[in-house]
Protein chains: 2
Amino acid sequence: MNETDALAAFSSISSATRLRILKGLVTAGPEGMNAGEIAELVDATPSRASFHLSNMADAGLVISNRQSRQISYRVNFETMGALTRYLMDDCCQNNEIVRNCCVTGNRC
Amino acid sequence: MNETDALAAFSSISSATRLRILKGLVTAGPEGMNAGEIAELVDATPSRASFHLSNMADAGLVISNRQSRQISYRVNFETMGALTRYLMDDCCQNNEIVRNCCVTGNRC
DNA sequence: CTTTCATTTCAATATTGTTTGAAATATAGT
DNA sequence: ACTATATTTCAAACAATATTGAAATGAAAG
């Protein structure tokens with residue numbers, strides 16, 4: 001992941017609505033959720049949800065595919081992994097405090 | 001780290017100027033850099049650098065302390081660690097792909 | 001106590017992002 | 001073809017953020 005991609009991803013998840021969409025989609029798992037369900041989840045109008053979803057898709061955070069009439073969105077975990085690593089390695093140069101914090105079970 | 005703090009941190013590093021400041025400060029290490037040096041590094045006017053630095057300080061990403069006439073900034077690695085973990089655990093529920101990506105040395 | 005240096009604060013402007021509602025597109029059933 | 005459903009696209013209004021340059025602050029030196 002390069003700086004431009006990282007900026008787009010950080011920018012995308014710096015909106016409360018989009019961060020909640022992301023969390024909802026992580027919970028939903030590989031099946032994903034339809035645009036309409038997502039809109040309901042975050043209490044947004046269809047067009048507003050669509051706007052945020054296309055922002056997330058542009059940032060590579062989610063992947064969409066049409067299932068008959070509905071469009072299903074799921075998390076792109078590759079991007080999320082690359083982003084987390086960008087934060088840890090490119091930004092923090094694999095700093096010890098940061099690395100240590102990221103071992104699940106550790107206090108930080 | 002809670003959602004509000006994470007949003008502030010993501011929002012802060014979703015600016016190219018601030019992301020570069022962050023990287024510069026990580027490279028500078030615990031000594032940090034003065035506001036003026038940072039401004040020079042990212043090719044910004046003093047007031048513009050100051051604006052971005054106070055945004056980063058508000059987000060808890062950097063810590064400032066005055067050294068006689070200059071103000072020195074350094075990275076708050078605790079926050080960076082907490083943020084990285086937020087991404088991995090709170091957002092991605094410690095997803096395997098994401099976790100695996102974050103082991104330095106792995107391909108992802 | 002005035003000057004110089006480093007930085008911040010402020011107000012004005014410029015830029016960018018978000019929301020809304022209406023119209024458009026795409027798919028499926030009748 | 002016609003109607004209903006799901007979603008997107010668009011333009012306008014609105015809101016938030018960034019940039020600029022000038023003025024203000026705080027600290028040291030003469």
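Throughout, protein chains are lettered first and strands after them, A, B, ... in sequence-line order, and every chain is numbered starting at 1.
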Could you tell me how far apart [X] ([atom1]) and [N] ([atom2]) are, to the nearest whole angstrom?
| X | N | atom1 | atom2 | value |
| --- | --- | --- | --- | --- |
| A:L53 | C:dT18 | CG | C1' | 14 Å |
| B:I38 | C:dA6 | CD1 | C1' | 13 Å |
| A:I21 | D:dT7 | CD1 | P | 13 Å |
| A:N55 | D:dT8 | CG | C1' | 15 Å |
| A:Q70 | D:dT5 | CD | C1' | 8 Å |
| B:N65 | D:dG26 | CG | C1' | 15 Å |
| B:Q67 | D:dG26 | CD | C1' | 15 Å |
| A:I71 | C:dT27 | CD1 | C1' | 10 Å |

Does a side-chain N or O of [X] approach OP1 or OP2 of [N] to a distance below 4.0 Å, or not?
| X | N | answer |
| --- | --- | --- |
| B:Y73 | C:dT8 | yes |
| B:R48 | D:dG21 | no |
| B:H52 | D:dT17 | no |

Margin query: Side chain of A:S68, heavy atoms from C-beta onward: which of C:dA28, D:dA27, D:dT7 has the nearest atom to it?
Written below: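 Looking only at side-chain atoms, A:S68 lies closest to C:dA28.
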Next item on the list: First locate atom CG of A:L53, then atom CE of A:M33, and finally report the distance between them rounded to the nearest 0.5 Å.
Entry: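 Rounded to the nearest 0.5 Å, the CG-CE separation comes out at 10.0 Å.
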Note to self: According to a hydrophobic-cluster definition based on side-chain heavy atoms being under 4.5 Å apart (Ile, Leu, Val, Met, Phe, Trp, Tyr only), do A:V26 and A:V42 belong together?
What the structure shows: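 Same cluster.
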Note to self: Mind checking if A:S47 touches a base, just sugar-phosphate, or nothing, with heavy atoms under 4.0 Å?
What the structure shows: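 Base contact.
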Note to self: Need one value for A:S50: base, sugar-phosphate or nothing, where a base atom within 4.0 Å counts as base even if backbone is also close, heavy atoms only.
What the structure shows: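 Answer is base: heavy atoms of A:S50 come under 4.0 Å of a base.
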Check: Does CG in B:N2 sit with more than 12 non-hydrogen atoms of other residues, nucleotides or ligands closer than 6.0 Å?
Finding: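 Yes, enclosed.
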Note to self: On DNA chain C, compare the nucleotides closest to A:S15 and B:S54; which residue's is nearer the 5' end?
What the structure shows: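 Checking each residue's closest nucleotide, the 5'-ward one belongs to B:S54.
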Next item on the list: With A:I13 as reference, evaluate A:N55, A:I21, A:L61 under the side-chain contact (heavy atoms from CB on, under 4.5 Å) test and give the passing residue.
Entry: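 So, applying the side-chain contact (heavy atoms from CB on, under 4.5 Å) to A:I13 and each of A:N55, A:I21, A:L61, only A:L61 qualifies.
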Notebook entry, point to check: Just by distance, with hydrogens left out, do B:R48 and B:T17 show a side-chain donor and acceptor under 3.5 Å apart?
Noted result: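 Judged by distance alone, the side chains do pair up.
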Note to self: With nearest nucleotide decided by heavy atoms, which residue, A:R69 or A:S64, maps closer to the 5′ end of DNA chain D?
What the structure shows: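 By nearest-heavy-atom nucleotide position, the 5'-most residue is A:R69.
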